Protein chains: 4
Amino acid sequence: MVEIQRSAQGSDERLRDAERTRAELLEIATEVFSEQGYSGARVDEIAERTRTTKRMIYYYFGGKEGLYLAVLEAAYRGIRETEQALRADDLAPVDALRRIAEMTFDHHHDHPAFIRIVSVENIHHGQHLGKVESLRDLGTPAASLLDDVLARGRGTGELRDDVDALDVHMLISSYCVFQVANSATFGFLFGRDMLAPDVRARHRRILGDIVVGWLTTS
Amino acid sequence: MVEIQRSAQGSDERLRDAERTRAELLEIATEVFSEQGYSGARVDEIAERTRTTKRMIYYYFGGKEGLYLAVLEAAYRGIRETEQALRADDLAPVDALRRIAEMTFDHHHDHPAFIRIVSVENIHHGQHLGKVESLRDLGTPAASLLDDVLARGRGTGELRDDVDALDVHMLISSYCVFQVANSATFGFLFGRDMLAPDVRARHRRILGDIVVGWLTTS
Amino acid sequence: MVEIQRSAQGSDERLRDAERTRAELLEIATEVFSEQGYSGARVDEIAERTRTTKRMIYYYFGGKEGLYLAVLEAAYRGIRETEQALRADDLAPVDALRRIAEMTFDHHHDHPAFIRIVSVENIHHGQHLGKVESLRDLGTPAASLLDDVLARGRGTGELRDDVDALDVHMLISSYCVFQVANSATFGFLFGRDMLAPDVRARHRRILGDIVVGWLTTS
Amino acid sequence: MVEIQRSAQGSDERLRDAERTRAELLEIATEVFSEQGYSGARVDEIAERTRTTKRMIYYYFGGKEGLYLAVLEAAYRGIRETEQALRADDLAPVDALRRIAEMTFDHHHDHPAFIRIVSVENIHHGQHLGKVESLRDLGTPAASLLDDVLARGRGTGELRDDVDALDVHMLISSYCVFQVANSATFGFLFGRDMLAPDVRARHRRILGDIVVGWLTTS
DNA sequence: TATGAATGAGATTTCATTCAT
DNA sequence: AATGAATGAAATCTCATTCAT
């Protein structure tokens, strides 16, 4: 019985190792793809920064593109989870808005790899995104949260009613994405490092001001 | 003398051809780099879409990177010229602001290749940008134009005084860049095509509203 | 005793399973090797089309080559059995000849996988055939049957005597093998599908005519 | 002027070299593919047996399959030329028939690589053949030559009229192809080396006898 | 008897670049 | 000013096989 138990554990361990191998590849790949882009990333480099070998990429993901798709999926799944965790029903509409803006801002700053992967995917015209079944209607959560807040605010007359959730989401997204995705060129051209803590704090506040200001204008 | 004249003409023609070859390579390269990224672009493809051969890329630009740097420079020179042409002294501060926002918006929509090149460059951490001498202080014009308007507006009390030109520029840029740079993923996830004429018109108006609204709040 | 009986049954079942696994591998392997050739066949594909796993190929056959050798042996054993079942003593020599030709013809048409395996083996210069001990003198039955018929026919003066059994066997074989082994290219080049029922019937008759005609010429 | 002439020669030489490189690759590839099959052939091996490098295979043929297609095309073009060179109008129908049979027989024996390539292609179900545009209606010459002879023979009553050119061509082809394509297994099983000169001569005569005998039977 | 994970060696293919004229 | 041929280095991918249980 000890025998059996041991071998059962062994099997579990192997399975856990398999999962770990897969996860490790995914993690490093996310890093490398986000740093070098799809074509710039090297399968060899990804493997080397791992405990396993290049061969495993093909074993688990079928190839470079498969790995990239998995990275894409994991990245988007990550943001979806964050969004779903974001609750704002307990706040007054105006506060909720600022809260959503700030949380989104923080999420972008804290997950630069994800933002960069999105940039990479856009360079490739989103051609891979469509191949990932599980990413079909991923947009909904973010929009519906804002929808609720806007609806509540419109009811009380606090928020204007000629703007929809997607308009707001786009404003927030564009502002937040830019911080991370364009920090290199913006920093170079204007000498302002958007990733520096004080600048970040300022921009965070400004975004809140802008969003609230815009939606509370009659 | 006939001899000489002929050979002079020949030389002129050759020079003109040379200039044309260079220009054609630059044009196609801008397209290809903006469509496929730096690593994704193929020297072979660029050459094939040209009337010349691959060898000329090495002849004129020294290599793939040299060509990319030239593309980068040309692209930024283009935007600088547009910005310098933008005049707003004849308008009241608030109108000038809206005007700047809308012109910038249009410029981005009308020059997607440039926006995409900037994305590409950011993917590569702006590592090439620094190598182009002529792009040193390119940021100034855009900022100084806004600076003037803000100064005028602050004087009359029309515009708030706790926001600087760079803050405004960043808001406008982020909003405009997003339209073009992220249209693929945004369109896929939310089903809104930011490049469609009606959506574009709506976003254009919204951007003006946001900028003006933000800066006229006390 | 119940214990023992149970374990005996268990063992039988296991053996039967083992036999079944082996047989299944062999069957699928025959198919795959005959469809893709030796080098073209993939161990992975064979395993996938089976209820077992790739590992079993190594367990039962030692490897890809061992599996191929087993396929080769089984295929040739099949034809030998067919040939041995072919009886012609009860027919007049001329009828027997036609009968042998037609039976052989049918056998080839009905066992394309075998014919294709022979082609594959010839592509590889018969290098594996020599390794299968049990295939040593496999040729004899076919030849000796013809030998008998020819001997009988020569005795009565019905059949010519300057042709030996192997000459006849080669004619029949070449004609029959071609039907199956070269149907793709012949069909492509001449637009005649040798596997179509009516063409097959015509060729069958023609073969009989040729063989009989040839051997009855003085 | 000497300058010019020299450089013209140089250019010619380069061109000739290019042609030579291509031709050499094609020649070695024909050998290797015919010896090892499509999947069994190694691009590396082909290159190594050449004065150039593996890279050139991709430069000239685009890849392994492109090279194989070129081999296929060259091989079939070779046989077509041989067939077109074969003239038989000056012979009496019966003699012409024997002549065609014997010439075809010799051609097969003298071009084993071609026969083997055809076998290889059949193993792959002729899937590549269809991709070579220039091989569309290649069959015609062989058939039309026989057609003429048969027509002449039927007119004089020397040859039977219920057999068409394709029937005859198939008989001849199958007999000849078998000699080369199946010599390994046939030799192994029956101990008769079909490629040995004396056996070859015997089979050559026999084929003539069979063809003539068949077609002159009323 | 059976199996999922792993792997090394080698195969094919790609790519920016240089050579020779 | 221009060019076709050539290329080395490296990238991606494949395949039969073995490990550990």
Side-chain angles (χ1 to χ4, degrees), chain A residues 3-4 6-15 17-19 21-22 39 41-45 47 52-60 62-67, chain B residues 10-11 13-15 17-18 21-22 39 41-47 52-60 62-65 67, chain C residues 10-11 13-15 17-18 21-22 39 41-47 52-60 62-65 67, chain D residues 3-4 6-15 17-19 21-22 39 41-45 47 52-60 62-67:
Chain A
E3 209 46 48
I4 290 164
R6 183 134 56 78
S7 87
Q9 279 185 345
S11 176
D12 272 15
E13 241 169 67
R14 297 215 117 221
L15 280 175
D17 278 7
E19 209 32 67
T21 301
R22 231 191 95 98
S39 315
R42 296 292 165 235
V43 164
D44 271 293
E45 188 190 340
T52 40
T53 67
K54 180 171 50 168
R55 186 60 190 73
M56 287 296 97
I57 288 172
Y58 294 87
Y59 186 70
Y60 282 116
K64 185 180 182 178
E65 197 192 358
L67 179 56
Chain B
S11 175
E13 244 169 64
R14 268 203 217 137
L15 279 173
D17 279 5
T21 301
R22 233 191 95 95
S39 314
R42 298 291 161 239
V43 167
D44 274 288
E45 189 191 339
I46 294 172
T52 41
T53 68
K54 184 166 48 161
R55 192 61 190 71
M56 289 301 95
I57 289 172
Y58 292 85
Y59 193 77
Y60 284 117
K64 184 182 184 177
E65 199 192 357
L67 179 56
Chain C
S11 175
E13 244 168 65
R14 267 204 217 135
L15 279 173
D17 280 5
T21 300
R22 235 191 92 97
S39 314
R42 298 292 160 237
V43 167
D44 274 288
E45 189 191 340
I46 294 171
T52 42
T53 68
K54 185 165 48 161
R55 191 62 190 70
M56 290 300 96
I57 289 172
Y58 293 85
Y59 194 79
Y60 285 118
K64 184 181 183 178
E65 198 191 357
L67 180 55
Chain D
E3 214 38 55
I4 290 163
R6 183 132 58 77
S7 89
Q9 278 186 347
S11 175
D12 272 15
E13 241 170 65
R14 298 215 118 222
L15 282 174
D17 277 8
E19 209 32 66
T21 302
R22 231 192 96 98
S39 316
R42 295 292 164 235
V43 164
D44 271 294
E45 188 191 339
T52 40
T53 67
K54 181 169 50 166
R55 186 59 189 75
M56 287 296 97
I57 289 172
Y58 293 86
Y59 186 70
Y60 282 116
K64 184 181 183 177
E65 197 192 356
L67 180 55

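Chain identifiers are assigned alphabetically (A, B, ...) following the order of the sequence lines, protein sequences preceding nucleic acid strands; residue numbering begins at 1 within each chain. Because the structure is a prediction, the values reported are computed rather than measured.
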Rounded to whole angstrom units, what separation is found between the [atom1] atom of [X] and the [atom2] atom of [N]?
{"X": "E45(D)", "N": "dT12(E)", "atom1": "CD", "atom2": "C1'", "result": "15 Å"}
{"X": "I57(D)", "N": "dT12(E)", "atom1": "CD1", "atom2": "P", "result": "9 Å"}
{"X": "R22(C)", "N": "dT1(E)", "atom1": "CZ", "atom2": "P", "result": "12 Å"}

Query raised in the report: Which residues pass the side-chain hydrogen bond (donor to acceptor under 3.5 Å, both in side chains) test with E65(B), sequence neighbours left out?
Result: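 Expected list: K131(B).
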Taking only the side-chain nitrogens and oxygens of [X], find out if one of them lies under 4.0 Å from OP1 or OP2 of [N].
{"X": "Y60(D)", "N": "dA5(F)", "answer": "no"}
{"X": "T21(A)", "N": "dA6(E)", "answer": "yes"}
{"X": "Y59(B)", "N": "dA1(F)", "answer": "yes"}

Report task. Find the distance between OG1 (T52(C)) and CD1 (I46(C)) and round it off to the nearest 0.5 Å. Result ->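 That separation rounds to 11.0 Å.
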Query raised in the report: Roughly how far apart are Y58(A) OH and T53(A) OG1, rounded to 0.5 Å?
Result: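 One gets 11.0 Å once the value is rounded to the nearest 0.5 Å.
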Report summary line: With both pairing distances under 3.5 angstrom for Watson-Crick or G-U wobble, and | for a partner in another strand, the correct string for DNA chain E is .||||||||||||||||||||
Query raised in the report: Mind checking the P distance from dA20(F) to dT1(E)? Whole angstroms is fine.
Result: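 Here dA20(F) and dT1(E) have their P atoms 22 Å from each other.
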Contact list (N/O, under 3.5 angstrom) for nucleotides 10-14 of chain F vs protein:
unit_1: dT12(F); atom_1: OP1; unit_2: V43(A); atom_2: N; d: 3.4
unit_1: dT12(F); atom_1: OP1; unit_2: K64(A); atom_2: NZ; d: 3.3
unit_1: dT12(F); atom_1: OP2; unit_2: V43(A); atom_2: N; d: 3.1
unit_1: dC13(F); atom_1: OP2; unit_2: Y58(A); atom_2: OH; d: 3.2
unit_1: dC13(F); atom_1: OP2; unit_2: K64(A); atom_2: N; d: 3.1
unit_1: dC13(F); atom_1: N4; unit_2: K54(A); atom_2: NZ; d: 3.2

Report summary line: The side chain to side chain contact (heavy atoms under 4.5 Å, CB included) partners of Y59(B) (sequence neighbours excluded) come to R55(B), M56(B)
Report summary line: For K54(D), the salt bridge (Lys or Arg N to Asp or Glu O under 4.0 Å) test, sequence neighbours excluded, returns D44(D)
